[in-house]
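One structure below.
Chain identifiers are assigned alphabetically (A, B, ...) following the order of the sequence lines, protein sequences preceding nucleic acid strands; residue numbering begins at 1 within each chain. When reading the values below, keep in mind they use all heavy atoms of this one structure, side chains included, and skip hydrogens, waters and symmetry mates.
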Amino acid sequence: MTIKIIPIIAVSDTKLIKLSKDNILSLSLPEMKEIQKYFRGIKRDPTDVELETIAQTWSEHCKHKTLTGNIEFTFSGKKKIYRNLLKETVFKATQELNKPWCISVFKDNAGIIDFDDDNGIAFKVETHNHPSALEPYGGAATGIGGVIRDILGVGLGAKPLANTDIFCFGKPDLPWSKLPQGILHPKRIAKGVVAGVRDYGNRMGIPTVNGGVYFDEGYMANPLVYCGTMGIIPKDKCFKSVKSGDLILVVGGRTGRDGIHGATFSSVELDHESDVSAVQIGNPIVEKKVMDTLLIARDKNLFRGLTDCGAGGLSSAVGELAEETGARVYLDRIPLKYAGLKPWEIWVSEAQERMVMAVPPKNRAEISAVFARENVEATFIGEFTADRKLTLLFNNDVVAALDMSFLHDGVPKVTKKAVWKPVVAKKSALKPVVSRNCGQDLKDLLSSYNICSREWIIRQYDHEVQGQTVIKPLHGASLVNAGPGDAAVIWPYTVITGKQKNYKGIVLSNGLNPEYGKIDPYWMAASAIDEALRNAVAVGGDIDRIAILDNFCWGNPNKPEILGSLVRAAEACYDMAKIFGTPFISGKDSLYNEYAIGGKTYSIPAALLISAMGVVEDIRKTVTMDLKSAGNLLYIVGVTRNELGGSQFNLIRRRTGGAVPIVDATISRLAMSHMGGAIRRGLVASCHDCSEGGLAVALAEMSFAGNRGALVDLDAVPVAGTMTETEKLFSETNSRFIVEVSPENVHDFESVMAGSVTALIGSVTAGTTVRVSAHNAIVVSEKISILRACWKKTLSW
Amino acid sequence: MVKQLPRTIIIRTAGTNCDYETQAAFALAGSAADRVHINRIIEGSVTLGDYQILAIPGGFSYGDDIASGKILASELKHRLGDALQAFAVAGKPIIGICNGFQVLVKMGLLPDPAAFEQTTTLTFNDSDKFESRWVYLKRDTTAPAKTGGRARAVKCLWVSDMPDIISLPVAHGEGKFVAADKKVLDALEKNNQIVFRYCDERGNHTGYPLNPNGAANAIAGITNTAGNVFGLMPHPERYIYCWQHPSRRASEGEYGWGLNIFKNAVNFVR
């Protein structure tokens, strides 16, 4: 017999805990007891297949138990009970906003919004953190491979148009002597992750168009790898249905022993003995073939249900599709990479490049032919039933028989405690900040890890395959000297331009600010949302047509203060989304990001990534961030506040304290609305948002990207209260833009911006320097060639 | 009666990924372009002879396992060699872009379709990494003085109508053009088979990054002596509209220079 019976109905609690730990089930005692109760009810012990199936289905990775469970939150002495944090914050904002252009939110593999008359656009961002810590290349490659399958598996299949990637790594200059046992050096991880995304993304023919990298020593042992994919889908293909009697078809890669326990392993603290076999092995060409043929089968209407094999493998994929029907699967029919897999291994393996479909029996021959014509393996492995049971057979033996209702709804609700104590700023931290050499500060900021050029990464990704990337990650006056774009714009002309020209496009951007989270997770979340939105608006995005995604990467939620910071961030998500009018359409959480070194456990700095996707009415009316013409005028939009808390200036000067940037979403939304309007009316020559490094860095980037000088008067910058020059230059106040306007558009621009703080601060020059003055004295005067060199040198590996 | 549009076959296989935009470029240039899986040609349900233009688009055919384009080159040569050679020798336009260029040289359809032997290759970039960036290309208008050639324009139907210097994007890890020996390289020069060289904004000789791969004699694209078979590393299909250019101030009108390449071929067969 190839299966084992696991005795649980008569064992002690201690044994249950041991059983969960020894088999990497990652189930808690109450969960194990619930399983025990179920099997006592049916008067038998489970098989290994059954226990593994339950563990995968109930994993934090698949069920999001923390964010959907009960949370007792204590904040400044006040108690609040959440019954389901996601539903009461992120999802609630979407429901209350109730945007008519939201097509599918939070229920499928990706969120879908309306694009044009015929199509929707789908976006999903995933994390692949633990695998990338152990095996950076493979972990990142399968991360991108997995999120592409989410897009292929949304509705009845979307065509991927673009990838995004955001990484958090440790400091790449970490001395070897400080590297703990069992950890890969951050530079090695960074190089491996970039190579993994490059090789998988490039081979899939999907451009990687937007991203970011954040360096902090807190990510040394536990890097974060966020991978996103956006795709386009016909409106009549956005929903799936499964009918009893439909056949279960598995398409693509074969099943092997790679990636066993990926879903449950992601909830385990890493240490130097973590098992690398939990990492999957990717093969992009297999996935490319699946993509090509799946879209053909979709357009021929040959299947009506579809999902990808991700975490939990077939167990989760079939389990999801069969939730309302039931399913019978013959495990011995599943094609294997090699012989010798046990039935439970076949069922939970996270081998890559596999999709599962529900096929009406009449289409059996035709759909087989579609895949065979392009050498794609497709195998019928069972059928959807009407009994709401999951029945698994292996060589005619029943090896699992579980009720779908128990499998999907049986997981007991947990109650976790959360607490948040606001950090009170010391009075000494409020002393005015005066730097003696702001020019040096600017150069040091430009060459610092979190601001310097990402060209080394960006140019290894084919960011223009498909030919539709009309705003690229790097652009500027010449083909060699470029600056960092705020957002990418995709014009999907190969899909949408038929008989009629259609200039609609999609803007993609992101926001992430772990440094602020160390001071206040609420304002970190608010800032990430503001940053993602203003990035999209800076190229011409329309604040009325932007949807956002949340990705929470946090430490161990069983620690009340860590969960408390997560609750604060989630509350900000609700508050901000409501005022900005930007619904969340999909999200993901990755918890338990911690690592044990020498018996001590370290948690990552909490990171909330906000990814934004918006519809651009006319891609011809988008703008880039490089300064265009001498004689044009420079404006700043938004008030600058004294907010150096968590700033990159503080970081490089090893300062602490100061106020963290807040967001006044009502004012910000109005400014974004005006700003986007001005761009779409063609009144703006270039636009760049102020983020890390503040006004000074934004101005420098615009200048060296456009190879144009700039002359700015700090006295003209609208500020709140009294601020020093240093504070004005480097404060990271949200909701600000620097805008270039030609003299003939000044009048119209100012009238469009009326109602939002907008001030003329200087002009574009034909010179070769960035010059900033205050009180009739020069504060910064730096050659743009030198500023550019500072920006470019750091990450030119 | 409506005159039938010239027909283009775009051959694709596992790992081909620039087929849609190549189809869009031919369509915009006035051709009816089909994306056809290689299996259909091998099984005989599609015939190359039914088409006037043939294109092998960019991508990572078969994952570029062994070497870029190598497996597809072998498959095409051994399964469809006669038909391909006949297409080339008949003077019908053939273009190989990026991975397609790698395929053309690795099966030997370039530089001499009559010989049909590999004498050149495209290998790993000198930078040792994938390079996705825009470059300037100079259309060879004169043979270099050192080969003693007379000043005459390269004869290639694909570039007959366009300015001398254009810009296009490249995206490749193996794009460094190398000839088997000096004799082969000199012959290419002498016969005016170099179509595009990497150059700077003014057309002068340049190094990395504007020569993104360290190609011999800065070669970005070559043709056969008849001028109908054309292979190049840059992607003309990614610059058919002006908005695709990274510094948009350089663009005028609605279209990009890449479109001319496709138009030249379509006009040639029309």
(message) Shorter than 4.5 Å, heavy atoms on both sides: which option in B/His37, B/Glu237, B/Glu43, B/Glu131 has the most such pairs with chain A?
(response) B/His37
(message) Less than 4.5 Å to any heavy atom of chain B: does that hold for the side chain of A/Tyr493, its backbone, both, or neither?
(response) side chain
(request) Look at B/Gly15, B/Gly63, B/Gly58 and state which one has the largest set of heavy-atom pairs under 4.5 Å with chain A. (result) B/Gly63
(request) Against chain B, work out which of A/Asp199, A/Thr622, A/Thr469 has the most heavy-atom pairs shorter than 4.5 Å and name it. (result) A/Thr622
(message) Let's test your reading of the structure: which of B/Glu201, B/Arg40, B/Gln23 forms the most heavy-atom pairs below 4.5 Å with chain A?
(response) B/Arg40
(request) May I ask you to establish whether A/Lys159 and B/Tyr20 are in a cation-pi arrangement, using a distance under 6.0 Å from NZ or CZ to the six-membered ring centre and at most 45° from the ring axis? (result) yes
(message) Could you check whether atom CZ of B/Arg270 has more than 12 heavy atoms from other residues, nucleotides or ligands sitting under 6.0 Å from it?
(response) yes
(request) Let me know if A/Arg198 has heavy atoms under 4.5 Å from chain B in its side chain, its backbone, both or neither. (result) side chain
(request) May I ask you to decide whether A/Asp462 forms a salt bridge with B/Arg238, counting only side-chain N to carboxylate O separations under 4.0 Å? (result) yes
(request) Give the minimum heavy-atom separation between A/Arg203 and B/Asn17, together with the two atoms involved. (result) O-ND2, 3.5 Å
(message) Quick check on A/Tyr503: does its OH atom have over 12 non-hydrogen neighbours (other residues, nucleotides or ligands) under 6.0 Å away?
(response) yes
(request) Compare every heavy atom of A/Gly476 with every heavy atom of B/Ser247, then report the nearest pair and how far apart it is. (result) CB-O, 2.6 Å
(message) Taking every non-hydrogen pair under 4.5 Å, which of A/Lys472, A/Lys289, A/His475 racks up the most with chain B?
(response) A/Lys472
(message) Given heavy-atom pairs under 4.5 angstrom as the criterion, report whether the side chain, backbone, both or neither of A/Met291 touches chain B.
(response) neither
(request) Please flag which part of B/Ile38 lies under 4.5 Å from any non-hydrogen atom of chain A: side chain, backbone, both or neither. (result) neither
(message) Please report the interatomic distance OG(A/Ser478) to CG(B/Asp200), rounded to the nearest 0.5 Å.
(response) 11.0 Å
(message) Does this structure show an ion pair linking A/Arg620 with B/Glu254, if we count only N-O contacts that are shorter than 4.0 Å?
(response) no
(message) Can a donor-acceptor pair be found, under 3.5 Å and without considering hydrogens, that links the side chain of A/Gln460 to the backbone of B/Phe130?
(response) no
(request) Could you tell me which portion of A/Asn283 (side chain, backbone, both or neither) has an atom closer than 4.5 angstrom to a non-hydrogen atom of chain B? (result) neither
(request) Could you look at A/Ile285 and say if it's the side chain, the backbone, both or neither that has a heavy atom under 4.5 Å from chain B? (result) side chain
(request) Check each atom of A/Val465 against the heavy atoms of chain B and say whether the ones under 4.5 Å are side chain, backbone, both or neither. (result) both
(message) Counting only non-hydrogen atoms closer than 4.5 Å, does B/Gln244 touch chain A with its backbone (N, CA, C, O), its side chain (CB onward), both, or neither?
(response) both
(message) Is it true that, when you exclude B/Asn204 itself, more than 12 heavy atoms of the residues, nucleotides or ligands shown sit nearer than 6.0 Å to its CG?
(response) yes
(request) Could you walk me through whether B/Arg133 and A/Ile458 pass the side-chain contact (heavy atoms from CB on, under 4.5 Å) test, one step at a time? (result) CA-CA 9 Å; B/Arg133 54 173 75 250; A/Ile458 292 167; over 6 Å; no
(message) Can you tell me which portion of B/Tyr241 sits under 4.5 Å from chain A's heavy atoms? Options are side chain, backbone, both or neither.
(response) side chain
(message) Can you tell me which portion of A/Tyr200 sits under 4.5 Å from chain B's heavy atoms? Options are side chain, backbone, both or neither.
(response) neither
(message) Under 4.5 Å from any heavy atom of chain A, what part of B/Ser61 do you find: side chain, backbone, both or neither?
(response) neither
(message) Using side-chain heavy atoms (C-beta onward) and a distance below 4.5 Å, is A/Leu479 in contact with B/Pro246?
(response) yes
(request) Go through the atoms of B/Val135 and report whether side chain, backbone, both or neither lie under 4.5 Å from a heavy atom of chain A. (result) backbone
(message) So for atom CZ, which belongs to B/Arg35, do other residues, nucleotides or ligands contribute more than 12 heavy atoms lying within a distance under 6.0 Å?
(response) yes
(message) Taking every non-hydrogen pair under 4.5 Å, which of A/Lys288, A/Glu455, A/Gln468 racks up the most with chain B?
(response) A/Lys288
(request) Show your working on side-chain contact (heavy atoms from CB on, under 4.5 Å) between B/Arg12 and A/Glu374 and close with a plain yes or no. (result) CA-CA 10 Å; B/Arg12 69 181 181 93; A/Glu374 300 195 10; 2.5 Å; yes
(message) I'd like to verify something: which residue of A/Val480, A/Asn202, A/Thr624 has the highest number of heavy-atom pairs under 4.5 Å with chain B?
(response) A/Asn202
(message) Does A/Lys621, at its NZ atom, have more than 12 non-hydrogen atoms belonging to other residues, nucleotides or ligands within less than 6.0 Å?
(response) no
